[in-house]
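Everything numeric in this text was worked out from a predicted model, so none of it was measured. Atom set for the values below is all heavy atoms of this structure, side chains included, hydrogens, waters and symmetry mates excluded.
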Amino acid sequence: GGQVYYLHNKVESIERVAARLQAQIPEAKVGFGHGKMPEGELSEVWRKVMEQEINVLVCTTIIETGVDVPNVNTIIIEDADHMGLSQLHQLRGRVGRGKAKSYCILVSDAQNEEAVYRLKAMCRTNDGFQIADEDLKLRGPGDFFGARQHGLPELKIADMLGDMDVVSQTQQAAKALLEKDPALSSPAYRGIKTEIRRLFSRAGETAFN
């Protein structure tokens, strides 16, 4: 009785996938939508979804910020292992906004242990905080002084999950220090100043010229 998002996150083949599904389920009204479509064309797709002229929308992750459609109660995500937990959780949140029971189906042929663990984590909980914690544990917080968005940072003093109180205290101490000596010109701060310069120079930035 509801409608379906079928997430296929490849623009170049999305039309073929929609045609394949239409052939497999002739009684359904299948459409497709993605962010590279002209604005007017995409608006027409959303109109058809809202007015239930489309039962199954084959789409990219454009639905993350798309129109809220309460009647969509099922999402099927192809290659779910290619996405992080936080993104999967956000996509899952696009369904179940109406009264009907909702479903999120993750499709993957991944065999590696981490990918399987990540998908099982999605099945264990709907709690966004737990999902974010799992995502941080798996991906790492990334680089504080660079473009890397995953992996362990070079700073290895604290556990970002377990030591947030210590991190907060350190932040306050750093703020107080900079208020006292913004240029870190005191000889007592020579070591700190040298380390900050080294970290920023690796990211192509400059500090304390």
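- A distance of 9.5 Å separates NZ in Lys120 from CD in Glu113, rounded to the nearest 0.5 Å.
- The structure places CZ of Arg124 at 10.5 Å from CG of Leu119, a figure rounded to the nearest 0.5 Å.
- In the displayed structure, Arg190 atom CZ is contacted under 6.0 Å by at most 12 heavy atoms of other residues, nucleotides or ligands.
- For the atom pair SG (Cys104) and CZ (Arg94), the distance works out to 13.5 Å, reported to the nearest 0.5 Å.
- Interatomic distance, Asp109 CG to Glu78 CD, rounded to the nearest 0.5 Å: 10.5 Å.
- Note on Tyr5 and Ile105: separate hydrophobic clusters, where clusters join Ile, Leu, Val, Met, Phe, Trp and Tyr whose side-chain heavy atoms are under 4.5 Å apart, directly or indirectly.
- Side-chain contact check for Thr60 versus Ile14: some heavy-atom pair is nearer than 4.5 Å.
- Ile77 and Tyr103 fall into different hydrophobic clusters, where Ile, Leu, Val, Met, Phe, Trp and Tyr residues are linked whenever their side-chain heavy atoms come under 4.5 Å apart, directly or through other members.
- Geometrically, Arg20 does not engage Phe32 in a cation-pi contact, judged by NZ or CZ lying under 6.0 Å from the ring centre and within 45° of the ring axis.
- Residue Ile76 is not grouped with residue Leu7 when hydrophobic side chains (ILVMFWY) are merged at heavy-atom distances under 4.5 angstrom, including chains of intermediate members.
- Considering every non-hydrogen atom in both Ala115 and Ala110, the closest pair reads CB-CB, 3.7 Å.
- Counting heavy atoms from C-beta on, the side chains of Leu184 and Ile192 come closer than 4.5 Å.
- Side-chain contact check for Glu64 versus Thr61: some heavy-atom pair is nearer than 4.5 Å.
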Would you sort out whether Tyr6 and Val17 count as a side-chain contact (heavy atoms from CB on, under 4.5 Å), showing the intermediate values? CA-CA 10 Å; Tyr6 186 97; Val17 170; 3.9 Å; yes
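- Arg92 has its side chain out of reach of Leu106: every pair of non-hydrogen atoms, C-beta onward, lies at least 4.5 Å apart.
- Using a 4.5 Å cut-off on side-chain heavy atoms (C-beta onward), Ser108 and Asp79 make no contact.
- In this structure a side-chain-to-backbone donor-acceptor pair under 3.5 Å is present from Gln22 to Ala28.
- The NE2 atom of His82 lies 10.5 Å from the CG atom of Asn9; values are rounded to the nearest 0.5 Å.
- Within a 6.0 Å radius of CD in Glu12, more than 12 heavy atoms belonging to other residues, nucleotides or ligands are found.
- You'll find the side chain of Leu88 stays beyond 4.5 Å of the side chain of Gln90, heavy atoms only.
- Val11 is not connected to Leu21 by any chain of hydrophobic side-chain contacts under 4.5 Å among Ile, Leu, Val, Met, Phe, Trp and Tyr, and they are in different clusters.
- For the atom pair Glu44 CD and Met37 CE, the distance stands at 9.5 Å (nearest 0.5 Å).
- In summary, Arg118 and Asp81 do not engage in a salt bridge, as defined by a charged side-chain N under 4.0 Å from a carboxylate O.
- Linking Ile, Leu, Val, Met, Phe, Trp and Tyr whenever their side-chain heavy atoms come within less than 4.5 Å leaves Trp46 and Val4 in two separate clusters.
- Side-chain contact, Ser13 with His8: a donor N or O sits under 3.5 Å from an acceptor N or O.
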Solution key, residues 48-58 side-chain donor-acceptor pairs under 3.5 Å, sequence neighbours excluded:
from  : atom 1 : to    : atom 2 : distance (Å)
Glu51 : OE1    : Arg47 : NH1    : 2.8
Glu53 : OE1    : Arg47 : NH2    : 3.3
Glu53 : OE2    : Arg47 : NH1    : 3.0
Asn55 : OD1    : Lys29 : N      : 2.7

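- Side-chain contact check for Leu85 versus Met122: some heavy-atom pair is nearer than 4.5 Å.
- Counting non-hydrogen atoms of other residues, nucleotides and ligands closer than 6.0 Å to CD of Gln24 gives a total above 12.
- Between Val69 and Ile63 the shortest side-chain heavy-atom distance does not fall below 4.5 Å.
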